[in-house]
**Student:** 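Before I ask anything, let me first share the structure, which is written out below as structure tokens.
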Amino acid sequence: MTDPLLRLRNLTVEYRAGRRWTPAVRDASLHVEPGEFVSLVGESGSGKTTLVQAALGLLPPAARQSSGTVQYSDVDVTGWSDRRMALVRGNYVGFIPQDPNTSLNPVKKIGQQVIEAVKFNETKRRDAAAWRDAALESLRTAGLADAERVFAQYPHELSGGMKQRALIAIALAGKPKLILADEPTSALDVTVQRRILDHLASLREELGIGILLVTHDLGVALDRSDRIAVMQGGLIVEEGPTARIIEDAADPYTRRLLDAAPSRHTGRLEPATGTRPEDDSIVLRAKGIAKTYRLRGRGRRELRALDGVDLAVRRGTTHAIVGESGAGKSTLARILVGFDAPDRTPEPGTVHLGDRELTGLGHKALREVRRDLQFVFQNPFTSLDPRFTVERIIAEPLRALQIPGDRRARVVQLLEAVALDESHLGRLPAELSGGQRQRVAIARALAPNPDVLVLDEAVSALDVSVQAQILRLLVDLQGEFGLAYVFVTHDLGVVRLIADDVTVMREGAVVESGPAAAVLAAPEADYTRELLAAVPGTRPATVR
Amino acid sequence: MLRYAALKTGRALFVVWAAFTLTFVLLFVLPANPEDLLFDPAELNTIPPEVREQVAANYGFDEPVLVQYFERLGRALAGDFGNSVQSGKPVTEAVLGVLPNTLLLSAGALALAALIAYGIALTATSTRRPWLRNLVESLPSAAVSVPVFLSGILLLQVFAFKLGWFPAFGSDGPASLVLPLVTLAVPVSGPIAQLLVRRFTAELESGYVTTSRAKGATREQIVTGDVFRNASLPALTITGITFGNLIAGSVITETVFAREGVGRLTQTAINTLDVPLVQGIVVLVAASFAFINLAVDLVYPLLDPRLRATLALEAR
């Protein structure tokens with residue numbers, strides 16, 4: 001039997017923290033056979049990226065590989081110098097990085113960057129035309145049909161998906177036998193993600209290369225992998241063929257991940273307590289919202305972010321707004337709460353909260369409205385003041401809106417509502433996990449006792465298992481306080497879990513709108529169907 | 001692109017005009033009797049009023065301020081800043097006579113400073129020994145904190161008097177340039193080096209470097225092929241601004257080393273209250289400063305395609 005393309009044996013990697021070394025990867029063993037698609041799944045901090053870095057010999061200076069071996073085919077590269085590893089990288093093993101937007105040199109043309117990748121891994125000397133042809137071929141293999149044009153462009157002239165394909169071309173340029181991909185699609189839209197991953201899977205079939213895909217998204221892994229390894233806290237806790245993992249996961253953590261994946265659920269979550277109102281009155285209504293941004297410069301170029309959008313949110317229900325980047329969903333959310341104003345021409349768009357009109361209100365009047373209408377931001381790592389304690393963060397709306405009463409008691413009550421407790425009062429955001437921070441952000445939004453909460457991608461920055469907890473919390477809070485949510489997301493899987501109504505947006509316009517169950521079960525628009533098909537983790541259920 | 005160039009050129013012209021106007025206000029308008037400045041303060045009280053009036057008329061001080069201003073501006077545009085009070089020679093001639101000396105010194109010092117800065121940045125980012133990195137990284141702040149007159153005198157003591165390698169004074173031959181060059185370059189290299197070290201470190205940690213390493217590039221190939229250019233872009237801006245410091249620094253350097261040059265000329269002009277000469281120097285220095293920064297601004301889009309794209313978008 002031949003050796004696998006990559007074999008990691010009992011790999012341990014440690015990071016220096018002060019004077020001590022703390023392990024990030026512990027005793028991990030993994031192998032990838034020729035033509036095999038293996039996924040390494042884990043949440044942030046599980047050590048999956050460190051494992052890939054160790055395999056490539058690209059560990060940061062603060063890390064060391066303290067034991068174990070890295071073997072490519074029959075060559076043990078453990079302890080190789082950087083210079084020797086440079087011969088392996090690109091040539092034998094290609095790497096596709098996480099964020100296409102920062103992973104290309106911004107001041108060099110794509111063609112030049114691909115040519116370098118060819119040159120570094122070629123022993124023969126060839127002329128410029130031959131390099132060029134090789135680079136163009138690599139770009140075509142990566143799925144860029146218009147390779148000549150891309151060749152002469154700079155990274156900033158390409159979309160995220162095209163940049164990622166250029167990076168795939170770079171990884172393929174050295175004709176490697178194995179490709180390591182570290183979250184190659186997490187910065188991309190779902191439909192683009194699907195196309196890129198399908199392309200990767202097809203490359204494996206065409207070129208017979210092995211692929212190790214690192215991802216936080218179990219759904220992505222389930223769709224395409226031959227084998228899956230699950231990582232938690234630096235340990236590989238489970239490893240096996242995909243079908244076995246789905247049917248019979250041995251490790252409790254794997255089962256939890258499976259349960260947390262939004263696509264594994266079929267219906268909406270129900271609140272633990274309270275009943276959902278059978279009240280169809282509209283609490284928030286937007287009509288004819290348009291927003292045009294004027295771009296700087298002489299030409300008076302305009303960008304139409306929103307074009308005549310209507311939205312109606314029923315009391316005590318969740319209305320999800322779904323779309324890919326550039327759909328205008330965040331702009332709409334900001335207009336709903338009065339952060340931005342809609343266009344006044346040709347016809348003024350309006351936003352009504354109950355029977356109060358929001359559009360055109362001054363700062364003071366808007367402040368009054370904010371008692372009933374609150375906003376939760378996408379990123380809990382930047383939306384909390386790092387120098388404020390949790391108590392001060394949550395109490396801030398109470399102070400700003402001059403709500404009377406015992407503030408500390410109210411803050412404790414709010415903390416309990418979001419499943420935190422008094423012990424968190426004096427903490428700083430830096431001392432909290434991502435999920436805890438988002439809980440604090442939700443508690444802050446709940447402080448003035450609003451009717452409506454607008455959540456802009458509120459769970460997108462969180463790990464799936466944390467995401468599931470926050471969604472659960474939101475549903476429970478809705479049952480308890482009769483809140484209405486406007487839930488902006490790019491993830492249709494999440495919509496299924498939480499939404500009563502859904503509005504699908506694309507390029508500033510509404511594509512489809514209606515009850516969530518109906519839209520998801522039988523979408524009318526082609527675009528909605530495309531989005532649904534792109535949700536990761538939906539295929540094994542139908543195929544296998 | 002044309003609009004950008006026009007805008008930057010306009011800004012440069014404005015700087016020169018503002019320098020002219022400001023010196024005019026300071027030197028010709030604010031003093032109660034500007035002609036007083038033309039005489040030796042010790043003899044001021046012994047000069048008969050008729051003589052003073054005649055001198056004032058000669059220089060046009062009896063006319064309204066605005067008329068004086070536009071007359072001087074008109075003549076300055078033609079390159080005529082009047083005559084030096086002390087020597088009687090035209091100001092332009094006096095300044096242009098010593099300008100090449102100073103330009104040679106400043107340009108040389110700038111080149112040397114850049115060399116030192118790159119040396120520091122490359123050593124700091126490529127070494128694997130932490131102690132060496134720390135040592136090298138502390139050099140920029142040390143370089144800035146040593147005043148020019150002190151390091152100049154120190155260099156003179158050691159290399160001119162003790163060792164006798166280089167001449168101590170004068171401006172003849174390339175050997176006389178070495179010590180002033182080093183004196184001037186060291187403090188100027190500090191900020192550039194500091195910026196470069198920061199940029200090199202940041203660029204080496206960026207995503208595209210990982211991509212390059214995964215391509216199979218060695219560390220040297222990455223530094224020369226990717227990082228060098230990207231890290232240098234911000235340094236270009238600071239280099240343009242630094243040029244102003246160099247001209248200011250040349251006043252001291254040229255005095256310490258007794259070299260002919262704009263710096264020394266400035267010092268003499270101020271000591272002797274040679275008003276037209278001071279104005280001429282200020283305007284010419286402002287012009288060369290504005291020119292260097294204009295050149296930096298115009299070169300920038302050629303080096304950075306992203307900026308080029310923004311400009312093209314604005315022009316559309």
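Letters A, B, ... are given to chains in the order of the sequence lines, protein chains preceding strands, and every chain is numbered from 1. Remember, it's a predicted structure, so these values are computed and weren't measured experimentally.
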**Student:** Indicate yes or no for a side-chain donor-acceptor contact from A:Ser103 to the backbone of B:Thr211 under 3.5 Å, with no hydrogens or angles considered.
**Tutor:**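 Looks like no, no N/O pair under 3.5 Å.
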**Student:** Counting only heavy atoms from other residues, nucleotides and ligands, does the tally under 6.0 Å from CD of A:Glu137 exceed 12?
**Tutor:**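 No, CD of A:Glu137 has 12 or fewer neighbouring heavy atoms, counting only those of other groups under 6.0 Å.
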**Student:** Side chain from CB out, backbone as N, CA, C, O: work out which of these in B:Glu203 comes under 4.5 Å of a heavy atom of chain A, or both, or neither.
**Tutor:**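 B:Glu203 has no heavy atom closer than 4.5 Å to chain A.
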**Student:** Does B:Tyr300 OH have over 12 foreign heavy atoms under 6.0 Å away?
**Tutor:**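 For B:Tyr300, atom OH is crowded (more than 12 foreign heavy atoms under 6.0 Å).
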**Student:** When you measure from the side chain of A:Asn121 to the backbone N and O of B:Lys215, does any donor-acceptor pair fall under 3.5 Å?
**Tutor:**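 The answer is yes, because a donor-acceptor pair under 3.5 Å joins these two groups.
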**Student:** Which answer fits B:Asn230, side chain, backbone, both or neither, if we ask what part of it has an atom under 4.5 Å from a heavy atom of chain A?
**Tutor:**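 Just its side chain gets close to chain A.
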**Student:** So which residue, A:Leu180, A:Asn101, A:Leu104, A:Leu167, ends up with the most heavy-atom pairs under 4.5 Å with chain B?
**Tutor:**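 Ranked by contacts with chain B, first place is A:Leu104.
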**Student:** Taking atom NZ as the centre, does A:Lys108 end up with more than 12 heavy-atom neighbours from other residues, nucleotides or ligands that are less than 6.0 angstrom away?
**Tutor:**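 Enclosed: over 12 neighbouring heavy atoms sit under 6.0 Å from NZ of A:Lys108.
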**Student:** Check A:Phe95 against B:Thr210 and note the closest heavy-atom contact, atom names and distance.
**Tutor:**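 Of all heavy-atom pairs spanning A:Phe95 and B:Thr210, the closest is CE2-CG2, 3.9 Å.
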**Student:** Of all heavy-atom pairs between B:Ala217 and A:Ala86, which one has the smallest distance, and what is that distance?
**Tutor:**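 Reported closest heavy-atom pair: O-CB, 4.1 Å.
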**Student:** Which atoms of A:Gln113 come close to chain B, meaning under 4.5 Å heavy atom to heavy atom: side chain ones, backbone ones, both, or neither?
**Tutor:**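 Interface part for A:Gln113: both.
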**Student:** Measuring only between side-chain heavy atoms, which start at C-beta, is B:Arg213 closer than 4.5 Å to A:Leu56?
**Tutor:**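 No, their side chains stay 4.5 Å or more apart.
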**Student:** Using non-hydrogen atoms only, which part of A:Ile96 is less than 4.5 Å away from chain B: side chain, backbone, both, or neither?
**Tutor:**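 No part of it gets close to chain B.
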**Student:** Which one of A:Pro106, A:Gly174, A:Pro97 has the most heavy-atom pairs closer than 4.5 Å to chain B?
**Tutor:**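 Among the listed options, the one with the most contacts to chain B is A:Pro106.
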**Student:** Is chain A contacted by the side chain of B:Glu220, its backbone, both, or neither, given a heavy-atom distance below 4.5 Å?
**Tutor:**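 For B:Glu220, side-chain heavy atoms alone lie under 4.5 Å from chain A.
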**Student:** Out of curiosity, A:Ile170 CD1 to B:Ser212 OG, how far, rounded to the nearest 0.5 Å?
**Tutor:**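 If I round to the nearest 0.5 Å, the distance is 7.5 Å.
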**Student:** Given that the side chain runs from C-beta out, which part of A:Val93 has a heavy atom under 4.5 Å from chain B: side chain, backbone, both or neither?
**Tutor:**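 Backbone only.
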**Student:** Take a 6.0 Å sphere around CZ of A:Arg64 and say whether it holds more than 12 heavy atoms from other residues, nucleotides or ligands.
**Tutor:**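 Yes, the 6.0 Å shell around CZ holds more than 12 heavy atoms from other groups.
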**Student:** Using a 6.0 Å cut-off, check whether atom CG of B:Leu2 has over 12 heavy atoms from anything other than its own residue.
**Tutor:**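 No, the 6.0 Å shell around CG holds no more than 12 heavy atoms from other groups.
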**Student:** May I ask you to check whether over 12 heavy atoms, not counting those of B:Phe14, lie within 6.0 Å of atom CZ?
**Tutor:**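 Counting neighbours around CZ of B:Phe14, 12 or fewer heavy atoms of other residues, nucleotides or ligands fall under 6.0 Å, so no.
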